[in-house]
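These notes are about the structure you will find just below.
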2 protein chains.
Amino acid sequence: MGKSAVAKPTNGSNSVAGALRNFGEHLADNGLRFTSERRAIAVALFETDAHLEAEELLLRLRRSGSRVSRATVYRTLDLLVAARLARKVRLGTDHNLFEHILGRRQHEHMVCIGCGQVIEWFDPQMDRIVERNTKEQGFTATRYTVQVFGRCANCAESDS
Amino acid sequence: MGKSAVAKPTNGSNSVAGALRNFGEHLADNGLRFTSERRAIAVALFETDAHLEAEELLLRLRRSGSRVSRATVYRTLDLLVAARLARKVRLGTDHNLFEHILGRRQHEHMVCIGCGQVIEWFDPQMDRIVERNTKEQGFTATRYTVQVFGRCANCAESDS
DNA sequence: ATCCGTGCAAAGGCTTTGCAACGTG
DNA sequence: CACGTTGCAAAGCCTTTGCACGGAT
């Protein structure tokens, strides 16, 4: 398990530059090209800490003038995941969300079923629990995800 | 959180009868009918401890002579989930799996990316971790799920 | 030239839904 | 007779893919 990254400030503009460089290297290493479309998509994902669906990302790109296609968005997001610069997560809906992992440490999610808000959380004990239980089964874990559903403070309050 | 059920032997034929009764009550409470199709689908789900996709369930039903439609399978599975007799889970694929919860205690899953095997596990500390972290956020959790991906003992071994 | 990348539209795969026919209370 | 149910096929949705065109090496 535990590639528990060092805690870093979340997403400063300089780290975006670094991540772009990493993406470029990953592409080069695989004989792929760092096109303007790929760059635009990577930047759009890197510049937000939100969990975006492909469609929303496409929208943002279009609003900022990029004319990339939906297909390229999906293809590039897969590349970013392969490059370990992004994560694809499923939070109770029928579609995928993408989040970058620029200097963000490993974390899990809480999803408010009232307003949809997503809260990130991290507990150092999670690794231990997973490790203990997988070892017990002779299982070698490579990754795990936890999703908690419920109501956030605001929504719980407005439950009259 | 914690509706951590009492641990009971998994799925004896008598508990199936009980669950069918519960299902019938749930339907009656909501002005719905306990049809032969619904009964057949419930039984098919109750009699296995596996995690089934709707299609597989449909196949089993057809093999055993029931001529239910795919639509009815989906509709009934939703009813079973609403009745809290089944759970719908997503284990890394693009489709849902269903599992009954007859006297099964709360549990999480480990999925082998080699052979697809699903191992159930439970750790009493999970509840505490979730409780502690949600409380910290003023979040009221109603449920949570954990999925661990990796290789099972067999598959890890055959990694030459 | 070769090979990778893009856009578009079509195809895919799972799931839901509209609708007419059907059965029960 | 009313109303819930079912089956079928069609529609929906997100995501992937085939293909021809274009660009970079």
Side-chain angles (χ1 to χ4, degrees), chain A residues 20 23-45 51-62 65-83 86-99 116, chain B residues 20 23-45 51-62 65-83 86-99 116:
Chain A
L20 284 176
F23 190 28
E25 283 165 19
H26 170 83
L27 292 171
D29 288 351
N30 290 78
L32 302 175
R33 294 165 191 161
F34 199 177
T35 65
S36 60
E37 288 88 348
R38 287 178 179 163
R39 171 182 297 270
I41 293 166
V43 169
L45 183 66
H51 307 77
L52 303 176
E53 36 196 279
E55 196 63 28
E56 168 64 19
L57 197 58
L58 180 62
L59 251 161
R60 295 190 181 195
L61 284 161
R62 296 240 162 115
S66 300
R67 281 187 308 300
V68 294
S69 70
R70 182 175 291 108
T72 297
V73 169
Y74 276 105
R75 290 191 273 235
T76 302
L77 285 171
D78 283 346
L79 289 172
L80 285 164
V81 171
R87 202 154 62 121
K88 184 194 279 196
V89 296
R90 205 78 178 216
L91 299 179
T93 62
D94 61 339
H95 53 271
N96 297 307
L97 299 178
F98 295 84
E99 62 179 9
Chain B
L20 284 177
F23 190 29
E25 282 164 20
H26 170 82
L27 292 171
D29 289 352
N30 290 76
L32 303 174
R33 295 170 191 158
F34 199 177
T35 65
S36 60
E37 289 87 349
R38 286 177 179 164
R39 170 182 295 270
I41 294 166
V43 169
L45 184 66
H51 307 77
L52 302 177
E53 35 196 280
E55 196 63 28
E56 167 65 18
L57 198 58
L58 181 61
L59 251 161
R60 294 191 181 196
L61 284 160
R62 296 240 161 115
S66 299
R67 279 187 310 300
V68 294
S69 70
R70 188 175 350 261
T72 297
V73 169
Y74 276 105
R75 289 190 274 234
T76 301
L77 284 171
D78 283 347
L79 289 172
L80 285 164
V81 171
R87 202 155 62 123
K88 186 195 278 196
V89 295
R90 206 74 177 220
L91 300 179
T93 62
D94 61 339
H95 53 271
N96 296 308
L97 298 179
F98 294 85
E99 62 180 8

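Protein chains get the first letters and strands the later ones, always in sequence-line order, with residue 1 at the start of each.
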What contact category does B:R75 fall into here, base, sugar-phosphate, or nothing, at under 4.0 angstrom with non-hydrogen atoms? base
How many Å lie between CD on B:E37 and C1' on C:dT24, as a whole number? 13 Å
Indicate yes or no: at least one non-hydrogen side-chain atom of A:F34 is less than 4.5 angstrom from one of A:R39. yes
A:L80 has an atom CG; how far is it from atom P of C:dG5, in whole Å? 13 Å
B:E56 atom CD is separated from C:dG13 atom P, nearest whole Å, by 18 Å
Measure from CG on B:D94 to P on C:dA11 and round the result to the nearest Å. 20 Å
Separation of atom NE2 in B:H95 from atom P in C:dT16, rounded to whole Å: 14 Å
Return the value, rounded to whole Å, for the distance between atom CZ of A:R33 and atom P of C:dT6. 10 Å
Taking 4.0 Å as the cut-off, does a side-chain nitrogen or oxygen of B:R70 come that near to OP1 or OP2 on C:dT15? no
So does B:R70 pair up with B:E55, basic N to acidic O under 4.0 Å? yes
Specify the separation, in whole Å, of atom CG of A:D78 and atom C1' of C:dG5. 15 Å
Under 6.0 Å from the ring centre and within 45 degrees of the ring axis: does the NZ or CZ of B:R38 meet both conditions for the six-membered ring of B:F23? no
Could you give the start and end, 5' to 3', of the contact zone on DNA chain D for chain A, using atoms under 4.0 Å from its heavy atoms? D:dC14 to D:dA24
Are B:T35 and B:L27 packed together at the side-chain level, in the sense that at least one heavy-atom pair is separated by less than 4.5 angstrom? no
Considering just the side-chain nitrogens and oxygens of B:N96, establish if one lies under 4.0 Å of OP1 or OP2 belonging to C:dC14. no
Contact nearer the 5' end of DNA chain C, comparing A:A71 with B:E53: A:A71
Within the structure provided, determine whether A:L61 and A:V73 are in side-chain contact (heavy-atom separation under 4.5 Å). yes
On DNA chain C, more 5' by nearest nucleotide between B:L97 and A:T72 is A:T72
Using whole Å, what does the distance between atom P of nucleotide C:dA11 and atom OH of A:Y74 come to? 19 Å
When you check the phosphate oxygens OP1 and OP2 of C:dG5, does a side-chain N or O of A:T35 lie under 4.0 Å from one of them? no
Residue pair B:L52 / B:E99, side-chain heavy-atom distance below 4.5 Å: no
B:V89 side chain reached by B:N96 side chain, heavy atoms, under 4.5 Å: no
